[in-house]
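Every chain is numbered from 1, with letters handed out A, B, ... down the list of sequences.
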2 protein chains.
Amino acid sequence: MARDERKRPTIYDVAREAELAPSTVSRALSNPGRVSSRTREHVLAVADRLGYQVNSLASALPSGRTHTVALFVSDITNPHFFGIIRGAEHQARAAGCTLILGDTEESPEVEARNIERLGSSVDGFVVAASRMTDEDIEALAGKHRVALISRQLAGLPSVIVDHVDGTREIVEHLAALGHESLVYLAGPRRAWLTDQRWRGLAQAARRVGMSARRLGPFQPTMRAGANAADVALGSGATAAVAHNDLMAIGMLRRVAERGMRVPDDLSVVGFDDIFGSDISSPALTTLGGPFEEVGRLAVDSLLGMREKSREAGRAEQIVLPSHLVIRGSTGKAPVR
Amino acid sequence: MARDERKRPTIYDVAREAELAPSTVSRALSNPGRVSSRTREHVLAVADRLGYQVNSLASALPSGRTHTVALFVSDITNPHFFGIIRGAEHQARAAGCTLILGDTEESPEVEARNIERLGSSVDGFVVAASRMTDEDIEALAGKHRVALISRQLAGLPSVIVDHVDGTREIVEHLAALGHESLVYLAGPRRAWLTDQRWRGLAQAARRVGMSARRLGPFQPTMRAGANAADVALGSGATAAVAHNDLMAIGMLRRVAERGMRVPDDLSVVGFDDIFGSDISSPALTTLGGPFEEVGRLAVDSLLGMREKSREAGRAEQIVLPSHLVIRGSTGKAPVR
DNA sequence: GCAACAACGGCAAGCGGTTGCCAGAAGTTG
DNA sequence: CAACTTCTGGCAACCGCTTGCCGTTGTTGC
């Protein structure tokens, strides 16, 4: 009731009260240099007294600037995105923007639809771990400002955590432990990272003379990890690299369930170093990265696109270093 | 470039192309019953051909309906909110709304500020685990539609997971294991749940003749769990109930770090049954709840407020049942 | 066959801001 | 002191869509 009667004051109310034109009030509020300081202060005082708050919808309409950015993640229940979300939020807030978070639930359709839905009400999109095709992303980028996370595409700004060096580190770590064979439990086919990680692993394995096989694809979830574990155990490899920590943790459980031991019977490595990867038993060896920074930089480069035209500035593709976190899930290769 | 040249078509473009008035196009799109089916189909076809997409900003301005709801959580890195977020999103989507997610980072100021910022651009707010004072929430509710999660306040719709029965269950479980004393490691003072949980525990303990003490407050994080563990161990109690799973998991680690064992030396119970609570070792005994349902219902009752006036309908306060998940972190009380 | 009434499409006034343009006031310059 | 900038504030035209109201046309009832 109270809610409905009292309408929010508008600049017209403030203008009337301050005995000025609405346009002057508007300027005093959003373009302070344009009016005299006396006027500005007067307006501010009146606005304050009336409890005036800009209607962000109304101001976005003529100006086209919504001061809102959207972040889409492929699965909001994956702790991997925590850091990214936090980082993005901080950067957005620092830039005076609101962050809208969307969960695409691993579906390229949901992704495309949600993005289209938001269309005109945001200044741009940060898409993390997109499942869309390159073509769809390009089409999207033709209509909106887009920055990518965990994916690279020519001409678009992106932020990824290095996987070339990271996978090399993983392989060398395993090699040092005496492993001679590894399997990669692949993530979704649509995930750009799936191929990248496999390529990195395969190449590094070749270099150290380790055999490597790719199995899957699997959904990047704990549940699918059980399946992946069975497949990995069946493969005869002594080391398994899961597409992400969620899968890896699911594998740890399944291996234990089957009465085998990690790392004695099988070494397991994950990606992301998520919350939970250090409380599992054994704790998970995993490739971590500065994900908060990833989120921050992605928003940053999205907002940065404002000025530089896409052609001129050459969208920057940022690669942040990863680091291998060695914990209990990797150990000496079992002797045959 | 492509992005900037081609402006999105508007209803005027569609109207011109369809040789109709803009108002008719508007109606065909958003109020189909108001035009003849022939006209509607014609408009739809033209709109489709032109790739028309409503500008949600523009339509929200005159109508006042933004088809957007905001969900604020106190800490987005707490997996507890996963289910709530998912549930809220699903329900929002089902109702044709977009969900905006906000992280208030445990701060009532951030909470109030962010809510005010969004003010006019959402249809309402779902606030989970609010840290604001009752007065501030009431003030907010005077200006916007608000639904609460994990908090009750007269006159406002809310969804909580039962704690009365839940805490009783916890206490009885501990009593059955022979425990005669428990400590509650309290959460933030501003969290409504902190007092509620303590009250429930204290009352249940009294009834079974168990001693209960409240310690803290602590931040509801893993980090603070270490501190809580030390305090709990120092208290001499044989059972510790942490404010949430994050704290409880932090406690598990700290206890192990100090060379003691859970549950042999100390039984530990948490709240929420978050992701991670079953992969810790020992796995955590915790009070779970249907959190996805919580999120869903909260959005539901928020959107339901549309029709029924707040006074008339008597805001519904929903209480969902909790369930105790017994795992390895609770065991027989140590014999003295 | 005509009044009464739907049904349907169009007009135009908003929603609450932003902003290009103009004009009067104030400040500079020679 | 005239001529010319620079400041400031106001006017009014949007931004793209919604919606109350009106007029036309087609239907129905008697």
Does [X] use its side chain to pair, donor to acceptor, with the backbone of [Y] at less than 3.5 Å?
X	Y	answer
B/Ser301	B/Gly304	no
A/Arg145	A/Asp123	yes
B/Thr104	B/Ser107	no

Contact under 4.0 Å: [X] side-chain N or O vs [N] OP1/OP2:
X	N	value
B/Ser26	D/dT18	yes
A/Ser59	C/dG16	no
A/Tyr52	C/dG17	yes
B/Ser36	C/dC8	no

Quiz item: Pairs in or reaching into residues 103-116 of chain B: which pass salt bridge (charged side-chain N to carboxylate O under 4.0 Å, His left out), with residues at least two apart or in two chains?
Solution: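 Residue pairs with at least one partner in residues 103-116 of chain B: A/Arg86-B/Asp103, A/Arg86-B/Glu105, A/Arg93-B/Glu105, B/Glu106-B/Arg131, B/Glu116-B/Lys143.
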Please list, for nucleotides 24-28 of chain D, all pairs of protein and nucleotide N/O atoms separated by less than 3.5 Å.
none

Are side-chain heavy atoms of [X] and [Y] found at a separation under 4.5 Å?
X	Y	answer
B/Val35	B/Thr24	yes
A/Thr68	A/Ser121	no
A/Ile160	A/Leu148	no

Quiz item: What are the residues of residues 37-51 of chain A, sorted by number, that bring a heavy atom to within less than 4.0 Å of DNA chain C?
Solution: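 Within this stretch, nothing sits under 4.0 Å of the strand.
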[X] to [Y] - nearest heavy-atom pair and separation:
X	Y	result
B/Leu50	B/Pro9	O-CG, 3.4 Å
A/Ser74	A/Phe81	OG-CZ, 3.4 Å
B/Leu61	A/Leu57	N-CD2, 4.3 Å

Length of the [atom1]-[atom2] vector between [X] and [N], whole Å:
X	N	atom1	atom2	value
B/Leu29	D/dT19	CG	C1'	15 Å
B/Leu57	D/dG16	CG	P	11 Å
A/Ile11	D/dA12	CD1	C1'	13 Å

From [options], pick the nucleotide closest to the side chain of [X]?
X	options	value
B/Val35	C/dG9, C/dG16, D/dG16	C/dG9
B/Pro62	C/dG14, C/dC11, C/dT19	C/dG14
A/Arg34	D/dG16, C/dG17, D/dT8	D/dT8

Exercise. Assign A/Ser23 to base, sugar-phosphate, or nothing according to its heavy-atom contacts below 4.0 angstrom with the strands shown.
Key: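 Answer is base: heavy atoms of A/Ser23 come under 4.0 Å of a base.
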Exercise. Please work out if A/Ser120 contacts a base, only the sugar-phosphate, or nothing of the nucleic acid, heavy-atom cut-off 4.0 Å.
Key: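 The residue A/Ser120 makes no contact with any strand.
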Quiz item: Would you say the base of C/dG16 and the side-chain of A/Tyr12 have a donor-acceptor pair closer than 3.5 Å?
Solution: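 Between C/dG16 and A/Tyr12, which were checked side chain against base, a qualifying N/O pair under 3.5 Å is absent.
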Quiz item: Any N or O donor-acceptor pair linking the side chain of B/Arg27 to the base of C/dG10 at under 3.5 Å?
Solution: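 Between C/dG10 and B/Arg27, which were checked side chain against base, a qualifying N/O pair under 3.5 Å is present.
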Quiz item: Which sits closer to the 5' end of DNA chain C, A/Leu61 or A/Asn31, going by the nucleotide each is nearest to?
Solution: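 With A/Leu61 and A/Asn31 compared, the 5'-side residue is A/Leu61.
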Quiz item: Side chains of B/Ser158 and B/Arg151: do they bring a donor and an acceptor to under 3.5 Å?
Solution: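 Their side chains do not contain a donor-acceptor pair, so the 3.5 Å distance test is not met.
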Quiz item: Which of residues 14-22 of chain A have a heavy atom under 4.0 Å from DNA chain D?
Solution: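 Close to the strand are A/Leu20, A/Ala21.
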Just list the side-chain donor-acceptor pairs under 3.5 Å for residues 14-21 of chain A, sequence neighbours left out, or say none.
from: A/Arg16; atom 1: NH2; to: A/Asp13; atom 2: OD1; distance (Å): 3.2
from: A/Glu17; atom 1: OE2; to: A/Arg49; atom 2: NH1; distance (Å): 3.3

Self-check item: Axis deviation across the helix from C/dG1-D/dC30 to C/dG30-D/dC1, five-pair ends, to the nearest 10°
Solution: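 Comparing the axis at each end, I get an angle of 30°.
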Quiz item: Can you check whether A/Phe82 and B/Phe82 have ring centres sitting under 6.0 Å from each other?
Solution: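 Close enough - the centres of the two rings lie under 6.0 Å apart.
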Self-check item: Candidate pair A/Ser56 and A/Ser59, rule side-chain hydrogen bond (donor to acceptor under 3.5 Å, both in side chains), full reasoning
Solution: CA-CA 5 Å; A/Ser56 46; A/Ser59 71; over 6 Å; no
Quiz item: Please walk me through it: do A/Ile115 and A/Val127 pass side chain to side chain contact (heavy atoms under 4.5 Å, CB included)?
Solution: CA-CA 9 Å; A/Ile115 289 181; A/Val127 188; 4.2 Å; yes
